[in-house]
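What follows is a single structure, written as C-alpha cells, with notes after it.
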Amino acid sequence: MAAFHLEIVSPEGKLFDGEAHMLSVRGIEGDLAILAGHIPFVTALAPGEVRVYETADADPRRGKCSGGCLTVDPGRTRLLAADFTWDDGSDR
C-alpha cells in the first residue's frame with residue numbers, strides 16, 4: 001500500500017508531519033478515509049475520532065478532533081483542526 005504526506009495542524013502547532021498509509025476522519029457528511037492517490041478536495045470536519053495508519057499493517061494512532069477542515073492535494077493532505085488531542089496524551 002502506498003503512502004502519502006500528512007500534516008495535522010491545530011492552533012497549538014503541528015501535531016503530525018510525516019507519511020501515512022491511511023487517514024480516517026469524520027466529515028460533516030459522514031466518515032471518510034484517505035489513501036494515497038485520492039482525488040483533490042476540501043471538506044469541513046465534524047467532531048470525532050481521527051485514525052492515522054502510519055504503516056499498512058500496524059494499529060492506527062488515534063486522536064480526537066473538535067472540527068476543522070481537511071484538504072487533499074496531490075503532494076499533501078492537511079488536517080486543520082480547531083482543537084486536536086492524541087489519545088495517548090502526546091503533543092506530536
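All heavy atoms count here, side chains included; hydrogens, waters and symmetry mates do not.
Between S10 and the options L79, L15, L80, a side chain to side chain contact (heavy atoms under 4.5 Å, CB included) holds for only L15. For the side chain to side chain contact (heavy atoms under 4.5 Å, CB included) with T77, the lone residue among V72, L35, I8 that qualifies is V72.
To the nearest 0.5 Å, the span separating OG1 on T71 from CD on E7 amounts to 8.5 Å. To the nearest 0.5 Å, atom CG of residue L45 and atom CD1 of residue I28 are 9.0 Å apart.
Using a 4.5 Å cut-off between side-chain heavy atoms of Ile, Leu, Val, Met, Phe, Trp and Tyr, with links allowed through other members, V50 and L6 fall into the same hydrophobic cluster. Under the 4.5 Å side-chain heavy-atom criterion for grouping Ile, Leu, Val, Met, Phe, Trp and Tyr, V9 is not connected to V25 through any hydrophobic cluster. When hydrophobic clusters are built by joining Ile, Leu, Val, Met, Phe, Trp and Tyr residues whose side-chain heavy atoms come closer than 4.5 Å, directly or via intermediates, I34 is grouped together with F84.
Between R62 and E49, at least one side-chain N (NZ, or NE/NH1/NH2) sits under 4.0 Å from a carboxylate O, which counts as a salt bridge.
For the residue pair H21 and E54, the shortest heavy atom distance occurs at CD2-O, 3.0 Å. Between C69 and V42, the shortest heavy-atom distance links the atoms SG-CG1, 3.7 Å. Considering all non-hydrogen atoms of both residues, P11 and A81 come closest at CD-O, 3.3 Å. A46 and G27 make their closest contact through CB-O, 3.8 Å (heavy atoms, listed as atom of the first residue, atom of the second, distance).
You'll find the side chain of L32 reaches within 4.5 Å of the side chain of L70, heavy atoms only. Side chains of L23 and R51 form no contact here, defined as non-hydrogen atoms less than 4.5 Å apart. Between P60 and V52 there is no side-chain heavy-atom pair separated by less than 4.5 Å. Counting heavy atoms from C-beta on, the side chains of P47 and C65 never come closer than 4.5 Å.
Looking only at atom types and distance, the side chain of H5 has a donor-acceptor partner in the side chain of D17 under 3.5 Å away.
Classification of the F41-H38 ring pair by plane angle, with boundaries at 30° and 60°, yields tilted.
Checked by atom type and distance alone, the side chain of S24 never pairs as donor or acceptor with a backbone atom of A33 at under 3.5 Å. Side-chain atoms of D88 come within 3.5 Å of backbone N or O of S90 as a donor-acceptor pair.
Annotation: R61, atom CZ; neighbour count of heavy atoms from other residues, nucleotides and ligands within 6.0 Å is above 12.
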